[in-house]
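Labels below follow one simple rule: chain letters A, B, ... track the order of the sequence lines, proteins then strands, and each chain is numbered from 1.
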There are 2 protein chains.
Amino acid sequence: MENFPQSPFIPVQSGRASEDIALNLEAAILDGRLKPGERLPSERDMQVQFGTGRGVVREAIKILKQKGLLEVRKGVKGGAYVRQLEMANVSESLALFLKQHPVEPEKLIEFRESMDRSITLLAIARGSRDEKAALLAEVLRFEALMRGADPDLVAAGELDRTLNLMLVRMARSPLFEWVMAALQMGFSSHDHALYENPAYRERVAANWRETVQAIVVSEPMRALSCIGQHYSLLRECITQQHEPVLQAALALNSASGDRPEGRSS
Amino acid sequence: MENFPQSPFIPVQSGRASEDIALNLEAAILDGRLKPGERLPSERDMQVQFGTGRGVVREAIKILKQKGLLEVRKGVKGGAYVRQLEMANVSESLALFLKQHPVEPEKLIEFRESMDRSITLLAIARGSRDEKAALLAEVLRFEALMRGADPDLVAAGELDRTLNLMLVRMARSPLFEWVMAALQMGFSSHDHALYENPAYRERVAANWRETVQAIVVSEPMRALSCIGQHYSLLRECITQQHEPVLQAALALNSASGDRPEGRSS
DNA sequence: TGGCACTAAAAGGTAGTACCATTTATGTTG
DNA sequence: CAACATAAATGGTACTACCTTTTAGTGCCA
């Protein structure tokens, strides 16, 4: 755990005027002195307000723009506008991290399965009747699509994501929603594999339908069972893809032990 | 869901030389053409290599520095060095987001409880005997500390985080580890409340010990039961803190319905 | 009067230069 | 040999000039 130092000392000195200004503005935004939609002074104005060169101001703005806190427009009426942060900013950050720290598919799957179970239970308990009906309608469309001879895989992926989204929305938990959104890219590659393979397509679609049906009639145990099946299929498909080497690994998977694993950081 | 556009079109034109260069360098880093620890050319060199002004190069570097991909040092042998991304970067990004999008304590608790259950099951299955012994030793220290008349709350928080860290490490799942780390700051405030209140201190410590004991002897059901107790205590403590208003809200909590909730976006 | 074209002004974007500050290596001197 | 001084590389800052984009006028012409 990176042990956030809470910044007891401000890093002081060094070259940082731009970071300083950035933090300054960031603070102003976070405690509401600058509200979303508001416009900051022009670079040339800030340049004099901060008593500094324009380049420094520009760098500060670039930093906050990168963080997703500012949006910059050119022309008259242009300038830096305060923005609401979007989950996409966090997702992007995480995606970058995951590119440098690849995760074994099995780890991804087991994490997602855990999330999925909780989400499903919440969705059953909290989803409205309308939402459940809509979910069912969507999954039927999905199944129909997958039954076709040569299904549109792009549309399939789209629909699959929509289904997941509807489900997580029904759970009424922004945290689950955000975490799922943030990890989406990590998932999609595997899911794609699942739909590319004709041997799995229909089974997965049917499984989705069964899951949703269980949700609609509020049978949590049956829903969980379906989810187990889903991830069982996914594991099977993934390991088939990745040559026998990984299959052996999977077989050994239950024989746990003291394996110390590579740590991050 | 922000529906990551996969950037099918590069945003083309507009003012972007710096973003361009930044993306350029980022790509080079991500596909390994630039490895962590390596040094980029000096700003003045890149200025000519990219056929642009130095300010643009500096802005690009600032962007990547903000992303956590670069580290910049001054002086001879200074320059921009490629860095391994750390989870702290993602956590920071998420923390920022959470400041703009506060989450109800109950949502945080229910998410954490879900994670905790999975982590515990994994830890029981995968933790080594040594790890379990170490965990037990630590939790005994913790309980001893909490039994004291005037326990050091800072140390307590520290120990609590250590325990959680040890537990999640035993789960052998970087994803769980990262998500817990990323949400740590969100947790800590509530946990602190739990330890500040003398009425809960000892009970929570005892509950921690029971949980660990269940883990050590590999009794998952008992461990889960303990976890339920833990979060039950936490909920009780939080709602007591937040005046009767929230208590009423909690009481209503099980009566679900069609409440459409504020979306993020 | 309505619409279209041109212009002006306000912003951000880029280029370039000069100089400051920091860090490291190297050389010089007691 | 060690302490100190100096030089060189490199990021940090300031300033200035000019380009490009965007918006708002402004005025001409049909």
Side-chain angles (χ1 to χ4, degrees), chain A residues 9-26 28-29 34-83, chain B residues 9-26 28-29 34-83:
Chain A
F9 319 132
I10 307 148
V12 282
Q13 304 132 343
S14 192
R16 91 235 106 81
S18 53
E19 272 92 345
D20 240 26
I21 295 181
L23 288 177
N24 209 316
L25 295 176
E26 180 179 326
I29 293 172
L34 291 171
K35 287 182 226 319
E38 236 173 290
R39 203 191 84 169
L40 272 59
S42 77
E43 293 177 354
R44 289 167 175 90
D45 284 351
M46 286 205 265
Q47 169 184 359
V48 305
Q49 284 180 30
F50 284 108
T52 173
R54 195 173 151 212
V56 173
V57 174
R58 284 183 59 78
E59 284 172 11
I61 291 176
K62 271 285 192 304
I63 291 174
L64 296 183
K65 182 183 173 189
Q66 161 56 32
K67 284 197 185 187
L69 286 169
L70 291 182
E71 180 194 351
V72 178
R73 291 200 285 270
K74 276 199 294 194
V76 67
K77 292 291 175 190
Y81 288 79
V82 178
R83 263 182 29 143
Chain B
F9 318 134
I10 307 150
V12 282
Q13 304 132 345
S14 186
R16 92 237 103 83
S18 53
E19 273 93 346
D20 240 25
I21 296 181
L23 288 176
N24 209 318
L25 294 176
E26 181 178 325
I29 293 173
L34 290 171
K35 284 180 230 319
E38 236 174 291
R39 202 191 87 170
L40 272 58
S42 76
E43 293 177 355
R44 287 166 177 90
D45 284 351
M46 288 206 265
Q47 170 184 356
V48 304
Q49 285 180 32
F50 284 108
T52 174
R54 196 175 150 212
V56 174
V57 175
R58 283 183 59 78
E59 283 173 11
I61 290 176
K62 270 287 193 304
I63 291 174
L64 296 182
K65 182 183 172 189
Q66 163 54 32
K67 284 197 186 187
L69 285 168
L70 291 182
E71 180 195 352
V72 178
R73 291 200 285 269
K74 278 198 292 195
V76 68
K77 292 291 175 190
Y81 289 79
V82 179
R83 262 182 31 142

Discussion item. Base, sugar-phosphate or nothing for A/Gly55? Non-hydrogen atoms, less than 4.0 Å.
Written reply: nothing
query: B/Arg58 side chain N/O closer than 4.0 Å to the phosphate oxygens (OP1, OP2) of D/dG12?
result: yes
When rounded to whole Å, the NZ to C1' distance for the pair B/Lys62 and D/dG11 reads 9 Å
Just the atom pairs and distances: protein N or O near nucleotides 7-10 of chain C's N or O, under 3.5 Å.
residue : atom : partner : partner atom : Å
C/dA10  : N3   : A/Val76 : N            : 3.2

Determine the contact category for A/Arg54: base if any of its heavy atoms lies under 4.0 Å from a base atom, sugar-phosphate if only primed atoms, P, OP1 or OP2 are that close, otherwise nothing. base
Taken in chain and number order and not counting sequence neighbours, the residues that satisfy salt bridge (Lys or Arg N to Asp or Glu O under 4.0 Å) with B/Arg54 are B/Glu43
Rounded to whole Å, CD of A/Gln47 lies from P of D/dC15 at a distance of 7 Å
Taken in chain and number order and not counting sequence neighbours, the residues that satisfy salt bridge (Lys or Arg N to Asp or Glu O under 4.0 Å) with A/Glu71 are A/Arg73
Applying side chain to side chain contact (heavy atoms under 4.5 Å, CB included) to A/Glu26 and not counting sequence neighbours gives A/Leu23, A/Leu30, A/Leu64, A/Lys67, A/Leu69, B/Leu96
Taken to the nearest 0.5 Å, the spacing of B/Leu25 CG from B/Leu40 CG works out to 5.5 Å
A/Met46 CE to C/dA11 P, in whole Å, measures 11 Å
NZ/NE/NH1/NH2 to OD/OE distance under 4.0 Å, A/Glu59 and B/Lys65
no
Atom CD of B/Glu19 and atom P of C/dG12 are separated, to the nearest Å, by 14 Å
A/Glu71 atom CD is separated from D/dT22 atom P, nearest whole Å, by 13 Å
Check the phosphate of C/dG13 against B/Ser18, side-chain N and O only, distance under 4.0 Å to OP1 or OP2. Yes or no?
no
From the candidates C/dA11, C/dT14, C/dT22, the one with an atom nearest any side-chain atom of B/Lys74 is C/dT22
Checking C/dA15, C/dG13, D/dG11 against the side chain of B/Val56 (C-beta onward), the nearest is C/dA15
Out of D/dT10, C/dA15, C/dG13, minimum distance to the side chain of A/Arg44 belongs to C/dG13
Here the gap from A/Ile29 atom CD1 to A/Leu70 atom CG, rounded to the nearest 0.5 Å, amounts to 4.5 Å
Separation of D/dA9 atom C1' from B/Arg73 atom CZ, nearest Å, is 14 Å
When rounded to whole Å, the CG to P distance for the pair B/Leu70 and D/dG11 reads 11 Å
Separation of C/dT23 atom P from B/Glu43 atom CD, nearest Å, is 16 Å
The salt bridge (Lys or Arg N to Asp or Glu O under 4.0 Å) partners of A/Arg44 (sequence neighbours excluded) come to none
Among C/dG12, C/dA15, D/dG11, the one nearest any side-chain atom of A/Ser42 is C/dG12
